[in-house]
Every structure is written in structure tokens, then in C-alpha cells.
Amino acid sequence: MDDYRKLTEEEIEILENNNCWAEDWSAIEVAEDFIPKYVKRTTFYGEIKLGVFEKSIEVSKDFFKHSGVYNATLRNVSVGDNCLIENIGNFINNYTIGNECYISNVCTMETTEGATYGEGNLVSVLNEVGDGNVVLFGNLNSQFAAFMVKHFRDKEVKDAIRRLVDEDIRLHMPERGTIGNCVKIVNTKEITNTIIKDAAEIDGASRLSDCSIMSSPNNSVYIGTGVICENSIISDGSSIINSVKMQDCFVGEACQISNGFTASASVFFANSYMSNGEACAAFCGPFSASHHKSSLLIGGQFSFYNAGSNTNFSNHAYKMGPMHYGILERGTKTASGAYLLMPANIGTFSVCMGKLMHHPDTRDLPFSYLISYNDDMYLVPGRNITTVGLYRDIRKWPKRDMRPKDCQKSIVNFDWLSPFSVGGILRGKKILENLQESTGKDVSEYIYHEYLIKGSSLRKGIKYYDIALRIYMGAVMKRVLKRGAFGIPTTTVGIGKWNDLSGLLLPESEEQRLIDDIKNGTLSDIQQVIDRFTEIDSHYREYQWAWTYRMILDYYGLDRITEADIERIREDYIKARRAWIAEIRKDAGKEFEMGDVEEEVYENFINSLDHEIDYEK
């Protein structure tokens, strides 16, 4: 409501008869069609604006109550049209409330001087005692956060980003706390210095202090019983329930934080699920999950990852059955900067962790197992390429993205074979071949750093890596031919090293261009930086073809790709896919023979493999 008027003498009299009192009746403005009979037992201080109260609000399913203000104390508050505000135990102070809101049984809502609503908060992830390296703001996504973590040691980059974020916050910071339209806040103790956007529901929270709840009508936020949330930002579609304690955190789209989970100085993005445990200085990228009370995510960078219990990692071994959760898809970065194997299915994580942190070179043997036998550490290279678990993961992750198309701030590329991962496979295959060449082909065990690799495992690793390479080249070739864009790439962008910025796969050259453009001021506001990530992602297939074309030439020893070469690549692709499916079928059979899987589940899985031939066309 934009047009307000002063109260009439008759309206003031009605309000006073309704047991209302005002510090100054002349400081109250109302909508033209304001009806005073729907305001009762209310005290007013400071400047007040009241909309119309002409319809009922649904307070529970099929239970409607007429809008109005009842049993409340308001100071410097603007109330939109058709709100129901009732039973405010203490007061609402310095707030702007939108239309059709339901606020009931709330103790205190207040904005105080200097409120920042969680925006501009500088937190330190990966190192819980280090300098801050992620600036929290409403439009933060996983790419931008990962970029900050990676490059904040560069003072020029850090200062430029801080300047851009501070300017963006300054332009959009409201003068006082705001409640959007169609917001429901009930049975809540304290809301201080908090922005709550459209369609959010707050039910039974203990305290929200210095927060921004970035809800939207098609992707609402829910905050439930016993939640304490301080200096944090909660994004579209997320739910924070059942006594979660959260401080200095960012929660991205469609995340679920529940059941007493405790988090400090951590970020969570795109469909992450956290329950029971705790996180400190953790970077939880897309599809990170933690379910157990004894799980502590601290000083690590995760994505497509399921954290097991501190004492029980058996859930990582579930493969065919419905209890299978995600394995490590993109890699886990430790506080020291080392990486766990990616993707890895590590059954002895607590034993392996220390050695892995001291050997970042192990990241060059992707899709591997690391297994401890007494004091020996055995590396099983490439084994995870041919497991049921990986096969299921490849297909399940896209289906588990709960974000509506218009609320996908974080970019998530679901390609399991990409220039990023295939680059690792090429390095891994070369390492194994060099070991075999320098030590001999008939050796029973090879030594890679401090790890042992059985001879049979090494030979299978080369085979599995080669299967993946041929699947990748054939799949990219098939996609390019379908688009009718086959030919020499029109760009050289992408031919070098590739990186993963928490879901965004990009050429390293594009990341460097972004750094340069932030430093030199080409990107002059924060939205331009965010748009650059989107732009890079939109060219992914183009850059991928540039990289893959060069890879095909190197792999097959070609100067150019002829029609005969295309047919050869296609045949190799089909043979490799069938060999891959055969290995997965064997893995499923072993699991079934162990008695871990019901026959119906096993048969359904095998039937799904039978349809893999459809992907060859």
C-alpha cells in the first residue's frame, strides 16, 4: 500500500474502545479503506502504518482467521494489507511487514542500530583459526565461494572482491528489518536484525539474529522448532529444523539442516543434507551429506560426498540397495590443501586420512580405492570406475536436484567424465604405464610413493582407465555429430588444464581471465562477476570440444580426424561401454552372491543394465 492517510477522530475513538493506546495518534497512518474494528488490544509507539484488513488468512489447513492486529505492541512498524498479527508477547520494533503475513505468538521482533542482516560477514573456511576467506552475501553461490577460498591469499583479488561486495550490500541494504509477502512466523521467541523474504515459514524457532532468509514464492524457506541461527544467510528452498544451532554460516538453495546439527563458520550449497553432527570451517559444496552424530566436518572442502560416522564407514559400501548414499565424486580437499582420491570409495577413511594429507600426488590416480592392511597401504587404481556404486551415482545426482530452474544460483555440472576428470585419468594411466615400464610387467607389487599396488591391480587400472577414456571420446564425438557442429574447434579456449570450482567445470585459462578482470576493474560490480561464471558454463560444450579434439589427436596419433577415424572412435566407444557394463554386472553379481541384496533389487538393477545399449545410438 503506497497511499496512506491520517486516522479520523471516529477511527481513533473506535480503536480506544477496542483497548488500543497510542503514544501519538497523529503518528499513525492507515490505508484509505482501513477498518479499525480489526485492531484490538494493541499499543502503538513511534511511526506506524497500517494496511487494509479485508480478508481472512489461512493459519492452518482449512482453518481461516480474519486479518487484523490483536494483542500486540508495535513501535515504528509498517504493516501491509491483510496481515494477521496477534499475541506478541513483548513487541515488534523497527520492522516493515509485507502483505498477507501471519505473525502469531512471537515474543520479540526488532531491528537495532548497525544491523547487517548477516551480509558482509567474513568467515574463514578450511582453516578454523585462519584469516577470513569467504564474504557472505545474499547472491553468493558455490563457484564464487570456491573462487574466494582459492584466491583470497592474493591481496589484489581479496581487496577487489571485498570492495565489490561492500558496494553491492550498501546499495541493497534496507534501513530496517523487512518481512516479505505471505510470510508465516509463529511460536517463535526472538527475531532480531533479520530480513525474511517472501513465503518463508518460521515455526517454533528460538532465535534468529542478524540473518537474511532469502525465501521466494516458488522456493520457500522453512525454519522449525528450537533453531538458533546467528550471523547467517539461508537461501531459497532450504529448511533448518529440529534444534539446529548455526553461527556465521551460509546455506545455499534446497539444503536441509536438521536434528540438532551444529555449524559454525561453514558454507553449504545446492542440495546439501546435514543432520545430527557438526561442521566447523567446512566448505560443503553441492550434494554434500552428513547423517551421523559422531561426524565432524572440519577444515575440509567437500562435494558429491557422504560423510560416514566416526566409528562406522559401512554406509560407503552400500551399492545396489536403497540405502546407498553418495560416494566422493569430485574430491575432498583437506586443510593442508591436499586432496583425497577423486572419486574415491574409502572404507578405511580414519586410517588413510593422515597419509593422504601428506601425499597430494595421489590425486593423480582418480577413481581409486585406498585400503589399509596392518601397516601397509594398498592403492587399487581406477577400481571405482567399474562399480555399481559409481554407476548408480552417475544417474541419481541429476534426479536429486530439488531446485526449481529459476532458483539455481550455484552451477552444477553433472558430467562424470569431463576434461577435468579425464585429465586426471590421463595422468593416472601414464603413471601406471611408467611404473610398469620402469619396474617390469611381471612384478607382483609396485611402489608408488609409500603405497603398494598389486601387479594385477595395476594392469586392471590401466584397462579401466582406457575404458573410461574411450567412453569419454566417443560420447563427446557423438554429441558433437548430433549437433551438426563436427569439425576443427573454433576456439583454443579449453585446450589446457581444467579446474572444478565447486560444481563449475572450467578451463584454467578462463579462471585466470576472471582473476585479471576482477583486478583491472573490467568486472565493476558483483553481479558481473556472478554473470561471468554463468557465461563460462554456457560455453562448456564448446570448450570441452576444443580440449577433446586435441585429446583424440594425441590418443590416436592423428593429424586430423577423417570419416574412417570417426567410425573407429565410435566402434571403440561401443566396445568400451559394453566392457564397462560387463564389469558393473560382475560387481553386482558379487554383491548379490554375498547375500547383501534382495533378489528383486538385483534383478531390477540388471534390467537397467540391459537398457544401456540404448545409449550407444
Side-chain angles (χ1 to χ4, degrees), residues 331 338-346 352 355-356 358-371 376-387 390 416-477 495-498 508 544 547-559 561 565 568-569 571-580 582-584 586-587:
Y339 282 79
L340 306 184
L341 308 185
M342 62 94 195
N345 195 344
I346 301 174
C352 301
K355 291 192 177 182
L356 274 171
H358 290 92
H359 293 288
D361 287 341
T362 54
R363 66 183 293 192
D364 287 329
L365 287 169
F367 296 92
S368 297
Y369 286 124
L370 191 60
I371 303 172
D376 294 324
M377 301 291 288
Y378 280 87
L379 201 57
V380 187
R383 175 66 182 91
N384 201 46
I385 289 173
T386 58
T387 61
L390 178 66
W416 78 283
L417 292 175
S418 68
F420 174 71
S421 59
V422 173
I425 291 172
L426 287 169
R427 292 189 295 270
K429 183 169 180 271
K430 187 66 175 175
I431 287 169
L432 298 183
E433 289 171 340
N434 288 343
L435 278 174
Q436 193 176 58
E437 183 178 343
S438 62
T439 311
K441 291 188 175 182
D442 298 324
V443 177
S444 61
E445 290 185 340
Y446 297 85
I447 298 175
Y448 177 64
H449 295 289
E450 295 179 10
Y451 305 106
L452 298 175
I453 303 176
K454 291 183 179 180
S456 59
S457 295
L458 184 139
R459 290 186 290 274
K460 287 180 180 178
I462 294 174
K463 171 187 171 184
Y464 296 152
Y465 284 153
D466 206 49
I467 285 173
L469 294 176
R470 294 182 181 216
I471 290 173
Y472 172 74
M473 289 184 288
V476 173
M477 179 76 75
I495 62 174
K497 186 175 181 290
W498 280 59
E508 189 170 73
Q544 181 192 43
W547 188 90
T548 307
Y549 184 87
R550 186 70 59 91
M551 175 199 168
I552 291 173
L553 296 182
D554 292 343
Y555 183 89
Y556 285 99
L558 304 173
D559 295 324
I561 300 175
D565 296 324
R568 179 185 174 189
I569 294 165
E571 290 175 359
D572 285 351
Y573 163 72
I574 291 173
K575 289 176 184 176
R577 284 195 97 263
R578 292 180 181 180
W580 180 55
E583 291 289 338
I584 293 171
K586 277 198 297 184
D587 192 49

Sub-4.5 Å side-chain heavy-atom contact between [X] and [Y]:
{"X": "L365", "Y": "R427", "result": "no"}
{"X": "I371", "Y": "R383", "result": "no"}
{"X": "I552", "Y": "M477", "result": "yes"}
{"X": "T386", "Y": "W580", "result": "yes"}
{"X": "L469", "Y": "L426", "result": "yes"}
{"X": "P419", "Y": "Y472", "result": "yes"}
{"X": "S457", "Y": "P381", "result": "yes"}

In Å and rounded to the nearest 0.5 Å, what is the [atom1] to [atom2] distance from [X] to [Y]?
{"X": "L417", "Y": "I425", "atom1": "CG", "atom2": "CD1", "answer": "5.5 Å"}
{"X": "W498", "Y": "Q544", "atom1": "CH2", "atom2": "CD", "answer": "6.5 Å"}
{"X": "L435", "Y": "K441", "atom1": "CG", "atom2": "NZ", "answer": "14.0 Å"}
{"X": "Y448", "Y": "L458", "atom1": "OH", "atom2": "CG", "answer": "12.0 Å"}
{"X": "I574", "Y": "I471", "atom1": "CD1", "atom2": "CD1", "answer": "11.5 Å"}
{"X": "I495", "Y": "T548", "atom1": "CD1", "atom2": "OG1", "answer": "12.5 Å"}

What is the minimum heavy-atom distance between [X] and [Y], and which atoms define it?
{"X": "I467", "Y": "A576", "answer": "CG2-O, 3.5 Å"}
{"X": "A468", "Y": "I385", "answer": "CB-CD1, 4.0 Å"}
{"X": "I561", "Y": "L558", "answer": "CG1-CD1, 4.4 Å"}
{"X": "L379", "Y": "L370", "answer": "CD1-CD1, 3.6 Å"}
{"X": "Y465", "Y": "S368", "answer": "OH-OG, 3.5 Å"}
{"X": "L432", "Y": "G461", "answer": "CD1-C, 3.9 Å"}

With a 4.0 Å cut-off, would you call [X] and [Y] a salt bridge?
{"X": "D572", "Y": "R577", "answer": "no"}
{"X": "D554", "Y": "R550", "answer": "no"}
{"X": "E583", "Y": "K586", "answer": "yes"}
{"X": "E433", "Y": "K429", "answer": "yes"}

Handout entry: D466 vs Y555, side-chain hydrogen bond (donor to acceptor under 3.5 Å, both in side chains): CA-CA, chis, key distance, verdict
Key = CA-CA 10 Å; D466 206 49; Y555 183 89; 2.5 Å; yes

Practice task
Could you please spell out the steps behind the side-chain contact (heavy atoms from CB on, under 4.5 Å) verdict for N434 and I431?
Solution key: CA-CA 5 Å; N434 288 343; I431 287 169; 5.8 Å; no

Problem - Row check, Y446 ring normal vs K454 NZ/CZ: under 6.0 Å, within 45° - result: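 No, K454 does not lie over the aromatic ring of Y446.
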
Practice task
Could you go through the side-chain contact (heavy atoms from CB on, under 4.5 Å) check for M551 and M473 one step at a time?
Solution key: CA-CA 8 Å; M551 175 199 168; M473 289 184 288; 3.6 Å; yes

Handout entry: side-chain contact (heavy atoms from CB on, under 4.5 Å) evaluation trace for Y556 with I569
Key = CA-CA 9 Å; Y556 285 99; I569 294 165; 3.7 Å; yes

Handout entry: Y573/V476 under side-chain contact (heavy atoms from CB on, under 4.5 Å): CA gap, chis, key distance, verdict
Key = CA-CA 10 Å; Y573 163 72; V476 173; over 6 Å; no

